[in-house]
> 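Before I ask anything, let me first share the structure, which is written out below as structure tokens.
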Amino acid sequence: MPELPEVETYRRILERHATGKTIAAVSVRDAGVLAGVTSRALSGALRGRTVMGARRHGKIVFADLGPGPWLVLRFGMTGDLVPLGAGEEPRFARVVLRFLEGGGLAYTDARKFGSLALAVSPEAYLASGRIGPDVLAVAPAAFAREAARRRAPIKAVLLDQALLAGVGNLYADEALFQAGIHPATPASRIDAAGLSSLHAVVRRVIARAVAIEADWSRLPRRWLLPWRDAGGPCPHCGSPLRRLRIGGRTSVFCPSKQRRRR
DNA sequence: TTTCATGTTCAGCA
DNA sequence: GTGCTGAACATGAA
């Protein structure tokens, strides 16, 4: 279940369960999740290396293995990172790492939209893809300036990883809900102050979700997300929530709180 | 059986 | 070249 808050919990899992440990074995159960590397090359590059730590940028996790290439983990729609005891192997495990000291980690991904890759460094990897600054790190003015020249719906702009890395479909809906902005509003129709405050809302929403470790049972009941799937009433005004397809993704919003502008 | 899905990428069009 | 939209990817769950 990976947007930035979920991916941050994966980073912590990696840090907690792998830091200081040495990779003894790499089992690729489905090479379909490997990007730009063969099973053999991945195993060769990882075996014998010690995990020094883990970084995150947007929805991407980088495992620091000391001198040599970094391991890059992306989670697609259904990726997860699962700590393993001896002999365990979860459903949908695609790659399994076992540590010399015992235990292991499984990279699971039912739909296989995620990927594992090797990179010279996080910086090199990010520069070669089109990944913008992490949403928790970028300055509001920079976001407002960029977004103001887009004519696409604000919802699509929030999801553009080249502009803001880390915002996904669900938290984008939450932020627009809290900001009172209709998801189909052309970004260029929102003034600078509106874009800046939207940016602040996005950061607050994502920071809060990180703080509760992306545990949805702990989401505030006044948020949209607990009610989003049920199509249930707006937690503020009771209006039936509405759904709309924007930029190929489903948007859920409150038609009364988020009025359409054009 | 059909529809939908927390992401990314690419072809095609204006 | 630029910006935008929609399809495709592979698969499980409702």
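Each chain gets a letter, A, B and so on, in the order its sequence line appears, and its residues count up from 1.
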> Using OP1 and OP2 only, check whether a side-chain N or O of A:K112 sits under 4.0 Å from B:dG7.
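Checking A:K112 against B:dG7: no side-chain N or O falls below 4.0 Å of OP1 or OP2.
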> Would you say a side-chain N or O of A:R111 is under 4.0 Å from OP1 or OP2 of B:dA5?
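Answer no for this pair, as no side-chain N or O of A:R111 is under 4.0 Å from OP1 or OP2.
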> In whole angstrom, what separates A:I246's CD1 from B:dT6's P?
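Those two atoms, CD1 and P, are 13 Å apart.
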> Using both distances under 3.5 Å as the test, list the Watson-Crick or G-U wobble partner of B:dT6, or none.
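When the pairing criteria are applied, nothing turns out to pair with B:dT6, so the answer is none.
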> What is the minimum heavy-atom distance between A:A165 and A:I131, and which atoms define it?
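Distance-wise, the nearest heavy atoms are CB-CG2, 3.8 Å.
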> Does A:K59 put a side-chain nitrogen or oxygen below 4.0 Å from OP1 or OP2 of B:dT6?
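So the side chain of A:K59 is outside the cut-off, no N or O lying under 4.0 Å from OP1 or OP2 of B:dT6.
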> Give a yes/no verdict on base stacking between C:dC9 and A:F113: centres under 5.5 Å, planes within less than 30° of parallel.
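A stacking contact exists, since A:F113 sits close and nearly parallel to the base ring of C:dC9.
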> With a 4.0 Å cutoff (strictly under), does any side-chain N or O of A:R249 reach OP1 or OP2 of B:dT6?
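So the side chain of A:R249 is within the cut-off, an N or O lying under 4.0 Å from OP1 or OP2 of B:dT6.
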> Out of B:dT6, B:dT8, C:dG12, which has the shortest distance to the side chain of A:A110?
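Among the listed nucleotides, the one closest to the side chain of A:A110 is C:dG12.
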> Assess whether a salt bridge exists between A:E101 and A:K21, defined as any Lys/Arg side-chain N lying under 4.0 Å from an Asp/Glu carboxylate O.
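No, this pair does not count.
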> With a 4.0 Å limit, can you tell me whether A:R91 has a side-chain N or O closer than that to the phosphate oxygens OP1/OP2 of C:dA13?
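It does, given that an N or O in the side chain of A:R91 lies less than 4.0 Å from OP1 or OP2 of C:dA13.
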> Say you pick atom P in C:dA10 and the same atom in B:dA11; how far apart are they, in whole Å?
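Comparing P positions in C:dA10 and B:dA11 gives a spacing of 16 Å.
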> Taking any heavy-atom pair under 4.0 Å as a contact, classify A:T250: base, sugar-phosphate, or nothing.
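Sugar-phosphate only.
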> For A:M77 and C:dA13, what is the distance between atoms CE and P respectively, to the nearest whole Å?
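Going from CE in A:M77 over to P in C:dA13 covers 14 Å.
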> When rounded to the nearest 0.5 angstrom, what distance separates CG in A:L164 from CG in A:L136?
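The CG atom of A:L136 is 10.0 Å from CG of A:L164, to the nearest 0.5 Å.
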> If you check every side-chain atom of A:A152, which of C:dC4, B:dG7, C:dA13 has the closest atom?
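In terms of side-chain proximity for A:A152, the closest of C:dC4, B:dG7, C:dA13 is C:dC4.
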> Have a look at A:G168 and say if it touches a base, only the backbone sugar-phosphate, or nothing, with a 4.0 Å heavy-atom cut-off.
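Sugar-phosphate, no base atom in range.
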> Does A:P153 reach a base, just sugar-phosphate, or nothing at all? Heavy atoms under 4.0 Å.
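Counting heavy atoms under 4.0 Å across all strands, the contact made by A:P153 is with sugar-phosphate only.
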> Could you check which of B:dA5, B:dT6, C:dC4 has an atom nearest any side-chain atom of A:R150?
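When the side chain of A:R150 is considered, C:dC4 is the closest of B:dA5, B:dT6, C:dC4.
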> In whole Å, what is the span from the CG atom of A:D229 to the C1' atom of C:dA14?
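In whole Å, C:dA14 C1' lies 11 Å from A:D229 CG.
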> Regarding A:R130, tell me which of base, sugar-phosphate or nothing describes its non-hydrogen contacts under 4.0 Å with the strands shown.
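The answer is nothing, as A:R130 stays clear of every strand by at least 4.0 Å.
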> Within 45° of the ring axis of A:F75 and under 6.0 Å from its six-membered ring centre, is that where the NZ or CZ of A:K59 lies?
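Negative - A:K59 is either too far from the ring of A:F75 or too far off its axis.
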> Let me know the distance between CG of A:L225 and P of B:dT6, rounded to the nearest Å.
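Going from CG in A:L225 over to P in B:dT6 covers 11 Å.
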> Ignoring hydrogens, what is the shortest heavy-atom contact between A:P255 and A:P240? Give both atom names and the distance.
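Between these two residues, the closest heavy atoms are CD-O, 3.4 Å.
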> Touch check for A:R243, heavy atoms < 4.0 angstrom, all strands: base, sugar-phosphate only, or nothing?
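The answer is sugar-phosphate, as A:R243 gets under 4.0 Å only of primed atoms, P, OP1 or OP2.
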> Between B:dT6 and C:dC4, how many Å separate the two C1' atoms, rounded to a whole number?
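23 Å, rounded to whole Å.
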> How is A:F92 classified with respect to the nucleic acid when contacts are heavy atoms under 4.0 Å: base, sugar-phosphate, or nothing?
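Touches sugar-phosphate only.
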> Please tell me which of the listed nucleotides, B:dT9, C:dC4, B:dT6, lies nearest to the side chain of A:R151?
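Nearest to the side chain of A:R151 among the choices is C:dC4.
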> Whole angstroms only, please: what is the CG-P distance between A:D30 and C:dC9?
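To the nearest whole Å, that distance equals 17 Å.
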> Just by distance, no angles: are the side chains of A:R245 and A:T250 close enough, under 3.5 Å, to form a donor-acceptor pair?
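Side chains of A:R245 and A:T250: pair found under 3.5 Å.
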